[in-house]
Protein chains: 2
Amino acid sequence: MPSATVENYIKKILVLSLDTREGQVGMGEIAKGLEVAAGTATSMIKNLERSKLVRYKSRQGVTLTAKGRKLGMDMLRRHRLVETFLVETLGLDWTEIHQEAEELEHAISEKVLDRLDKFLGRPEYDPHGDPIPTKDGKFAERRIRNLLECQSKQPRTIKLLTDQSTDFLNFARRKGLVPGTSVEVTNRDLISDAVELRVGNKKPFTLGSKAAKKILVSS
Amino acid sequence: MPSATVENYIKKILVLSLDTREGQVGMGEIAKGLEVAAGTATSMIKNLERSKLVRYKSRQGVTLTAKGRKLGMDMLRRHRLVETFLVETLGLDWTEIHQEAEELEHAISEKVLDRLDKFLGRPEYDPHGDPIPTKDGKFAERRIRNLLECQSKQPRTIKLLTDQSTDFLNFARRKGLVPGTSVEVTNRDLISDAVELRVGNKKPFTLGSKAAKKILVSS
DNA sequence: GATTTCATTTTGATTAGTCAAAGTCTCTTC
DNA sequence: GAAGAGACTTTGACTAATCAAAATGAAATC
């Protein structure tokens with residue numbers, strides 16, 4: 001059995017690698033992501049290599065093996081199912097469940113997880129709009145892009161916010177930018193680095209490119 | 001925050017002390033109960049003393065302080081609420097949930113626990129018939145004795161099985177000895193060390209005193 | 001009272017995970 | 001191509017939890 005710590009490293013490497021073409025992740029990203037000293041990450045990665053969960057080239061980076069990817073997907077599944085449960089069943093607020101799930105995901109057995117999945121009606125997306133991997137480690141199909149990539153004058157549905165910090169989520173909620181909501185890009189100006197959009201019938205407002213990038217929509 | 005290990009020690013000391021008049025628990029019991037070497041228990045107990053969770057007299061025994069008792073009751077509350085959830089909501093079998101709860105109880109936050117309690121309808125007893133402590137650490141009243149102490153010819157309701165090993169629970173279920181069931185002691189013979197009892201309208205059968213002691217009933 | 005027994009405590013080692021700080025690469029930049 | 005900047009790795013040390021085995025104490029037996 002992998003320890004909770006190992007599970008956390010693998011999960012972090014997986015989510016970081018999803019943003020990278022090559023799937024290769026640098027030591028610094030891992031250390032920063034997990035809030036540990038750089039040296040700690042290095043030595044842990046060597047462990048993970050010994051357990052054949054990652055491949056590691058000194059001073060280059062880390063990639064998941066098939067085994068590591070499987071574990072990572074499993075952790076993502078756990079995390080997202082637990083989050084779904086916390087919101088759907090217990091009625092907690094979707095801005096504050098991340099940390100809770102972070103703990104519970106390590107404590108839940110395969111059997112209980114399956115029951116939970118069934119109880120929740122085998123959901124495909126979690127409350128943030130993230131797809132929940134299936135038991136065999138595959139994501140539900142998703143065709144979504146971030147707001148910065150979107151042509152204007154077309155209605156879109158918010159699917160996912162990639163920044164799950166409480167601050168960002170609160171900001172998003174104030175603006176009505178929650179998964180499921182319909183929005184329209186009314187104007188784009190890449191020079192001034194801004195995207196103007198309208199949520200429902202409210203007055204349009206402008207978003208910087210950093211924020212726009214964090215908001216994924218389906219078209 | 002106490003570690004999961006500390007929580008386990010305190011919980012074990014609490015349940016052991018509930019069976020003792022003095023509330024004093026020996027080192028051996030703790031070590032055996034937690035399946036650790038005797039020396040491990042000794043050194044851990046010293047830690048707990050430093051944290052003011054227990055009082056400890058060398059070669060005599062351990063008692064919980066008010067603080068320790070509070071933590072222990074909280075752990076019992078967690079454990080039993082989680083068990084209730086696993087059976088009531090997820091439909092798991094009550095003979096196999098103990099170990100699951102053993103993990104989850106450490107991972108669940110106060111807030112989630114409260115929501116869970118509410119969701120379950122603030123239950124007073126868990127699926128084994130054990131009372132669930134309230135948030136302020138008090139047990140629901142209970143007036144129950146074990147089958148060996150019972151006079152015959154009186155209907156009683158099974159409340160609790162004190163041995164939660166899978167083997168015993170399976171045996172109990174085969175015989176219909178589940179919490180909530182009505183039974184009647186038809187004969188007692190303390191010399192031959194046996195209790196005869198009838199479950200519902202089935203044919204009476206005989207139980208040894210060891211087993212009879214493990215079955216608690218209300219009259 | 002001396003001896004034996006058995007529970008308990010002490011001791012010394014081990015493992016997982018961590019940090020700070022010192023050392024080493026590699027890639028710019030001039 | 002030398003120097004410096006940053007990223008990365010190594011080193012040495014620490015904590016929590018554990019074990020096995022040796023030492024100790026207290027109670028029971030002789």
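Note on naming: letters A, B, ... go to the chains in the order of the sequence lines (proteins, then strands), and numbering restarts at 1 for each one. As a basis for the values below, the full set of heavy atoms in this structure was taken, side chains included, without hydrogen atoms, waters or symmetry mates.
The distance between atom CE of M27(A) and atom C1' of dC25(C), rounded to the nearest whole Å, is 14 Å. Atom NZ in K32(B) sits roughly 11 Å away from atom C1' in dA7(C) (whole-Å rounding). The distance from atom NZ of K57(A) to atom P of dC8(D) is 16 Å, rounded to the nearest whole Å. The CD-C1' distance, from E49(B) to dT9(C), rounds to 14 Å in whole Å. Atoms CD1 (I10(B)) and P (dA17(D)) sit 12 Å apart, rounded to a whole Å. At whole-Å resolution of the value, CD in Q60(A) and P in dC8(D) are 11 Å apart.
Shown here are the salt bridge (Lys or Arg N to Asp or Glu O under 4.0 Å) partners of R55(B), two or more places apart in sequence or in another chain: there are none. The salt bridge (Lys or Arg N to Asp or Glu O under 4.0 Å) test applied to E196(A) returns no partner, not counting sequence neighbours. Residues satisfying the side-chain contact (heavy atoms from CB on, under 4.5 Å) criterion with T134(B), sequence neighbours excluded, are D136(B), K138(B). With sequence neighbours excluded, the residues that form a side-chain contact (heavy atoms from CB on, under 4.5 Å) with T166(A) are N170(A). Not counting sequence neighbours, R115(B) has no partner by the salt bridge (Lys or Arg N to Asp or Glu O under 4.0 Å) test.
Between E105(B) and R80(B) there is no salt bridge, since no side-chain N of the basic residue sits under 4.0 Å from a carboxylate O of the acidic one.
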Return a single string for nucleotides 10-20 of chain C, one symbol per nucleotide in 5' to 3' order, where B is base contact, S is sugar-phosphate-only contact and - is none, cutoff 4.0 angstrom on heavy atoms. B------SBB-

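The base of dT9(D) is not paired with the side chain of R59(A) by any donor and acceptor separated by under 3.5 Å.
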